[in-house]
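Report on the structure given below.
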Amino acid sequence: MKEINSIRIDPAIKRLLSYATSEKKVDEEYNKYICSPNQKLYSAEVNGEIVGCIGVEFHNSRDGVIKHIAVLPKKRGMGSSMIRFICKEHNLNSISAETDKDAVLFYANFGFRITSLGEKYPGVERFLCKLDLK
């Protein structure tokens, strides 16, 4: 895992972030990672190819919120190792994420506690996923 801090967005990172947010918002979201001291973006590589990324926002330095997580379809399964890396690298007390029904099972299988946030957007139920580590 490698922290990303380049002003110019790598095309592979741009593609991955487009899986986790709308195509129109990729540049805006990327800039938040580059400009904000409490947000970090990491890439995961296999044989020199960027295959995943995870973006986290830190609150009071010991609690993280996953803002984006994306893995190339052929490398599914790497998401768990990216989360483990973030938790260990930053010695977190807790980590959380907000997601939709498509990804809630991933977080539940990892051990996150799942709470429905209801229909945050018309026809879209959102979930808060939280994992206490300490």
Side-chain angles (χ1 to χ4, degrees):
M1 297 284 300
K2 192 163 61 174
E3 185 177 351
I4 298 169
N5 46 26
S6 170
I7 297 296
R8 295 187 64 221
I9 186 170
D10 183 292
I13 294 296
K14 189 167 188 156
R15 184 175 75 241
L16 284 163
L17 280 176
S18 76
Y19 297 157
T21 189
S22 72
E23 192 89 37
K24 293 180 287 196
K25 286 185 158 185
V26 169
D27 291 327
E28 176 188 334
E29 294 297 322
Y30 183 82
N31 285 334
K32 288 179 189 174
Y33 290 112
I34 301 308
C35 298
S36 174
N38 67 331
Q39 289 194 24
K40 295 194 180 294
L41 182 64
Y42 292 89
S43 64
E45 293 184 12
V46 173
N47 299 325
E49 178 190 12
I50 297 173
V51 297
C53 69
I54 184 168
V56 182
E57 182 174 31
F58 299 97
H59 299 275
N60 70 38
S61 80
R62 300 301 296 278
D63 299 307
V65 178
I66 298 169
K67 303 302 277 182
H68 301 98
I69 186 168
V71 179
L72 290 179
K74 65 182 179 184
K75 293 293 180 184
R76 290 289 194 258
M78 287 196 67
S80 295
S81 60
M82 292 191 304
I83 292 172
R84 279 192 291 278
F85 169 84
I86 293 296
C87 294
K88 187 175 179 196
E89 180 77 6
H90 295 279
N91 194 23
L92 296 178
N93 290 328
S94 71
I95 191 160
S96 62
E98 183 181 310
T99 192
D100 56 24
K101 69 179 185 335
D102 294 338
V104 77
L105 195 58
F106 163 78
Y107 289 104
N109 288 339
F110 192 93
F112 282 72
R113 197 174 59 252
I114 311 299
T115 307
S116 174
L117 298 172
E119 213 177 277
K120 264 186 114 171
Y121 312 105
V124 180
E125 184 178 9
R126 299 289 290 174
F127 299 89
L128 175 64
C129 310
K130 188 164 180 13
L131 181 66
D132 293 314
L133 300 159
K134 305 272 190 239

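Values below: every heavy atom of this structure, side chains too, minus hydrogens, waters and symmetry copies.
- When hydrophobic clusters are built by joining Ile, Leu, Val, Met, Phe, Trp and Tyr residues whose side-chain heavy atoms come closer than 4.5 Å, directly or via intermediates, F85 is grouped together with I83.
- Legend: side-chain hydrogen bond (donor to acceptor under 3.5 Å, both in side chains) pairs involving residues 10-24, not counting sequence neighbours, sorted by first then second residue: K14-D27.
- Of the inter-residue distances, the one linking H68 atom NE2 with Y33 atom OH reads 4.5 Å to the nearest 0.5 angstrom.
- Ring geometry, H90 versus F58: the interplanar angle falls from 30° to 60°, so the pair is classed tilted.
- Residues forming a side chain to side chain donor-acceptor pair (under 3.5 Å) with Y107 (at least two apart in sequence, or on another chain): none.
- By the criterion of side-chain heavy atoms lying less than 4.5 angstrom apart, applied directly or through intervening Ile, Leu, Val, Met, Phe, Trp or Tyr residues, V65 is not grouped with I4; the two fall into different hydrophobic clusters.
- In this structure, CD1 in I13 is found 10.0 Å from OG in S6, a value given to the nearest 0.5 Å.
- A search for side chain to side chain donor-acceptor pair (under 3.5 Å) contacts involving K32 returns E29, not counting sequence neighbours.
- In terms of heavy atoms, T99 sits closest to C129 at CG2-SG, 3.7 Å.
- I114 and V124 fall into different hydrophobic clusters, where Ile, Leu, Val, Met, Phe, Trp and Tyr side chains are chained together by heavy-atom contacts under 4.5 Å.
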(request) Might you work through the side chain to side chain contact (heavy atoms under 4.5 Å, CB included) test for V26 and I9, ending with a clear yes or no? (result) CA-CA 10 Å; V26 169; I9 186 170; 3.9 Å; yes

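- The pair E45-K2 meets the salt-bridge criterion, with a side-chain N (NZ, NE, NH1 or NH2) lying under 4.0 Å from an Asp/Glu carboxylate O.
- Taking every heavy atom of both residues into account, A70 and M82 meet most closely at O-CE, 3.9 Å.
- Remark: I54 CD1 to I69 CD1 distance equals 4.0 Å, nearest 0.5 Å.
- Using a 4.0 Å cut-off between charged side-chain N and carboxylate O, K40 and E89 make no salt bridge.
- Closest heavy-atom contact between C53 and L16: SG-CB, 3.8 Å.
- Closest approach of S81 and M78 over heavy atoms only: OG-O, 2.8 Å.
- Hydrophobic cluster membership differs between L128 and V104, with clusters built from Ile, Leu, Val, Met, Phe, Trp and Tyr side chains linked at under 4.5 angstrom.
- No side-chain donor-acceptor contact under 3.5 Å links R62 to the backbone of S94.
- The two residues L131 and G111 have their closest heavy-atom pair at CD1-O, 3.3 Å.
- Minimum heavy-atom separation, I50 to A12: CB-CB, 4.0 Å.
- Put simply, CG on D100 and CG on L117 are 11.5 Å apart, with the number rounded to the nearest 0.5 Å.
- If you chain together hydrophobic residues whose side chains sit under 4.5 Å apart, V46 and Y42 fall into the same group.
- Salt bridge K120/E98: present, at least one basic N to carboxylate O contact under 4.0 Å.
- For the atom pair CZ (F127) and CZ (R113), the distance works out to 15.5 Å, reported to the nearest 0.5 Å.
- Taking CD1 of I86 as the reference point, atom CD1 of I95 lies at 6.5 Å (rounded to 0.5 Å).
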